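Chain identifiers are assigned alphabetically (A, B, ...) following the order of the sequence lines, protein sequences preceding nucleic acid strands; residue numbering begins at 1 within each chain. All values derive from a computational prediction rather than experimental measurement. Both backbone and side-chain heavy atoms feed into the values below; hydrogens, waters and symmetry mates do not.
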Amino acid sequence: MSNKVYKPKAISGFPEWLPEVRLVEQQWMDHIRRVFESYGYCNIETPSVEELDVLRAKGEVDKEIYVLERLHKDDDDESEARLAMHFDQTVPLARYTAQHFNDLVFPFKRYQMQRVWRGERPQLGRMREFYQCDIDVIGIDNLPLHFDAEMPAVIYEALEGLNIGRIQIKISNRKILLGLLESMDIKDMIAVTRSVDKLDKIGVDGVVQNLEVDGLSKDQIDTVMTLVQSKDLTSITPANEQMKEGLEELIFVMDQLKHLPEGAVVADLSIVRGLDYYTGTVYETNLLDIPEFTSSVCSGGRFDDLASSYINKHLPGVGISIGFSRLFDVLYQNGHIKTGAKSPADILVILPNKEQRALASETAQALRKRGLKVELYHAPQKLAKQLSYAEKKGISHVWFPPFDEGGKHEVKNLETKEQIEADPNTWTKDA
RNA sequence: GCGGCUGUAGCUCAGUGGUAGAGCCCUCGGUUGUGGUCCGAGUUGUCGCGGGUUCGAACCCCGUCAGCCGCCCCA
């Protein structure tokens, strides 16, 4: 045997958690899943990989894609499709929808909670492997605008229940800004939308400077900045049909969301999203209680035609994605996530001595049958050791089976130190 | 992909040319059926890696890799 060890180290951008943190992460996921399902979204899971050609069907992707290959593959072998890790869940959804088109019921409402991979430089809130929790709805030929309002409603409920402080979902409609730019005959719309998108990060002056670089005239910049900072949607005069349509849609969506608390959802015309496939409504979400983290933790929007690269149908959709790992990591690093137990167990059953091993095991089993999570201590070690084990793991109760034939069961609450006689067939935690 | 900063024990760090340290964590003990405190003992290191300068390098120089932050982009 060699004593040479490969010293393990974390791989940057590929997070992993200790059990007590993972426990919280799982609770979050359970909660989000419950909310999604309460609105009737069904779950699907797609493979971690897609064919590289599928990922690139919409043209070149500027994201860094991880490619998967076999170590012993034949270099000349062209018979194998090149596989790549998916970088989001929207492209896999499009492929899935096209592929199973005849077996799906439309509007197709699905949620997906999986890891995705992007080869970007890691930073706080930016990883190379991370979870996203997506909900999307896809219709055939048309999809009611009401779904555009359902997205933020579902998301607000999901995030609100996580106890992460105040969140704000910002909504806009790309048709508004794009309509205006078109009316002004501006060529490089993508550059302009990217500049505008940075408003809350670099401020008005920063955006103005960027727009100058983008080649806009003073008047054009004034017009754009005035629109983008407008608070009152009804006061805006549309410059063309597209802009008018966008305004009407946005006003409709906001109207549908009146039931949410003040400030939970706001219209913000500076939200346009980078280049992406969004064509109408767009969403971004900020953590108001962590102002130093300005990036969105939950984004999405409407796309006119999701799957045209994979099927000859017109399939409009609207969707939104919680950047789960980003959200979790940012809150954790900022000390907003309190971890508790290092174990899911409610009870540690003590092993009193070797003679009572069978009884201890039966006791644990009786408690488990009643829905409790129970760990049994297997080594016949001194009680101090067994108790301190329960304490370190954060298990709240310790169960003492009888030490001798005919003795009584006892259970101890480690927080209150209270120890009482109890029957494993009737005892409950809250009693 | 570009720019800045940083690499010493599992963690946080001290050590600026002369035999590698502290605190925390961890393990054991402080006797026989009850933890968290306290006391005692103990384990833990290619000083990121490679080269150079020097009698001598964790320390100075060069390179390299890794990490963090910012940019780009985005969840």
Side-chain angles (χ1 to χ4, degrees), chain A residues 3-15 18 61-65 86-90 112-134 155 159 190-191 193-195 197-198 201-202 206 210 272-276 278 282-287 292-301 319-330 333 348 350-353 355-356 377 380-404 407-408 410-419:
Chain A
N3 60 357
K4 176 87 179 166
V5 293
Y6 183 86
K7 198 173 174 182
K9 56 177 187 290
I11 303 174
S12 175
F14 291 78
L18 289 170
V61 209
D62 56 354
K63 297 184 172 71
E64 281 286 347
I65 299 177
H86 57 230
F87 52 81
D88 69 8
Q89 295 178 133
T90 307
Q112 213 167 333
M113 298 169 53
Q114 293 181 231
R115 284 175 162 159
V116 305
W117 292 267
R118 293 181 196 174
E120 301 182 62
R121 270 231 197 293
Q123 271 169 44
L124 173 66
R126 192 166 81 179
M127 292 141 235
R128 295 181 157 187
E129 175 179 65
F130 57 98
Y131 282 104
Q132 287 190 318
C133 307
D134 285 30
I155 290 301
L159 294 182
I190 290 176
T193 57
R194 280 188 181 166
S195 298
D197 211 43
K198 292 195 176 76
K201 195 169 184 181
I202 62 176
N210 278 12
V272 278
R273 319 284 304 133
L275 72 154
D276 277 323
Y278 301 119
V282 283
Y283 316 101
E284 277 190 12
T285 310
N286 292 108
L287 301 169
E292 61 272 25
F293 190 78
T294 53
S295 301
S296 171
V297 293
C298 179
S299 311
I320 188 163
S321 171
I322 300 175
F324 183 91
S325 300
R326 161 175 289 184
L327 182 67
F328 192 83
D329 190 44
V330 167
Q333 303 298 340
L348 176 74
I350 289 292
L351 181 64
N353 48 53
E355 291 67 36
Q356 304 304 326
Y377 203 94
Q381 285 171 315
K382 54 197 274 186
L383 286 189
K385 189 119 172 150
Q386 301 195 39
L387 281 164
S388 122
Y389 174 80
E391 168 68 25
K392 274 193 288 188
K393 268 196 147 180
I395 302 173
S396 64
H397 290 76
V398 171
W399 194 279
F400 296 88
F403 287 79
D404 308 294
K408 301 279 193 193
E410 290 184 4
V411 63
K412 175 171 188 170
N413 180 328
L414 289 190
E415 282 155 37
T416 63
K417 300 182 190 175
E418 187 188 18
Q419 186 163 335

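- Legend: residues meeting side-chain hydrogen bond (donor to acceptor under 3.5 Å, both in side chains) with A:Ser195, ordered by chain and number and at least two apart, are A:Asp214.
- The side-chain contact (heavy atoms from CB on, under 4.5 Å) check on A:Lys382 picks up A:Ala384, A:Lys385, with sequence neighbours excluded.
- Every residue meeting the side-chain contact (heavy atoms from CB on, under 4.5 Å) condition with A:Leu383, not counting sequence neighbours, appears here in chain and number order: A:Ile350, A:Gln386, A:Phe400, A:Phe403.
- For the C1' atoms, the distance from B:C25 to B:A66 is 25 Å, rounded to whole Å.
- For the C1' atoms, the distance linking B:U31 with B:U44 amounts to 29 Å, nearest Å.
- Residues forming a side-chain contact (heavy atoms from CB on, under 4.5 Å) with A:Ser325 (at least two apart in sequence, or on another chain): A:Met127, A:Phe130, A:Tyr131.
- In this view, A:Lys393 and A:Glu375 satisfy the salt bridge (Lys or Arg N to Asp or Glu O under 4.0 Å) rule, not counting sequence neighbours.
- Distance check on atom C1': B:G70 versus B:U8 gives 27 Å, rounded to whole Å.
- With sequence neighbours left out, the side-chain contact (heavy atoms from CB on, under 4.5 Å) criterion links A:Lys198 to A:Ile202, A:Asn210.
- If you take atom P in B:G15 and the same atom in B:G7, they sit 11 Å apart, rounded to whole Å.
- When the C1' atom is used for both B:U12 and B:U6, the distance is 15 Å, rounded to whole Å.
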What protein N or O atoms touch nucleotides 28-31 of chain B N or O atoms at under 3.5 angstrom, if any, and at what distances?
residue : atom : partner  : partner atom : Å
B:C28   : OP1  : A:Lys385 : NZ           : 2.3
B:C28   : OP2  : A:Lys385 : NZ           : 3.0

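- B:A66 and B:U6 make up a base pair, with Watson-Crick or G-U wobble contacts both under 3.5 Å.
- With hydrogens and angles left out, the side chain of A:Arg118 and the base of B:C74 share no donor-acceptor pair within 3.5 Å.
- Across the C1' atoms, B:U16 and B:C60 are found 9 Å apart, a figure rounded to whole Å.
- Taking A:Phe293 as the reference, nothing meets the ring pair (Phe, Tyr, Trp, His ring centres under 6.0 Å) condition, with sequence neighbours excluded.
- Nucleotides B:G1 and B:C11, compared at atom C1', are 33 Å apart to the nearest Å.
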Tabulate protein N/O versus nucleotide N/O from nucleotides 39-41 of chain B, keeping only pairs under 3.5 Å, one per line.
none

Using a cutoff of under 3.5 Å, can you pull out all pairs of nitrogen or oxygen atoms linking the protein to nucleotides 2-5 of chain B, with atom names and distances?
residue : atom : partner  : partner atom : Å
B:C2    : N4   : A:Arg121 : NE           : 3.3

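- Annotation: side chain to side chain donor-acceptor pair (under 3.5 Å) contacts involving residues 113-124 of chain A, sequence neighbours excluded, comprise A:Gln112-A:Gln114, A:Trp117-A:Glu129.
- Residues forming a side-chain hydrogen bond (donor to acceptor under 3.5 Å, both in side chains) with A:Glu410 (at least two apart in sequence, or on another chain): A:Gln419.
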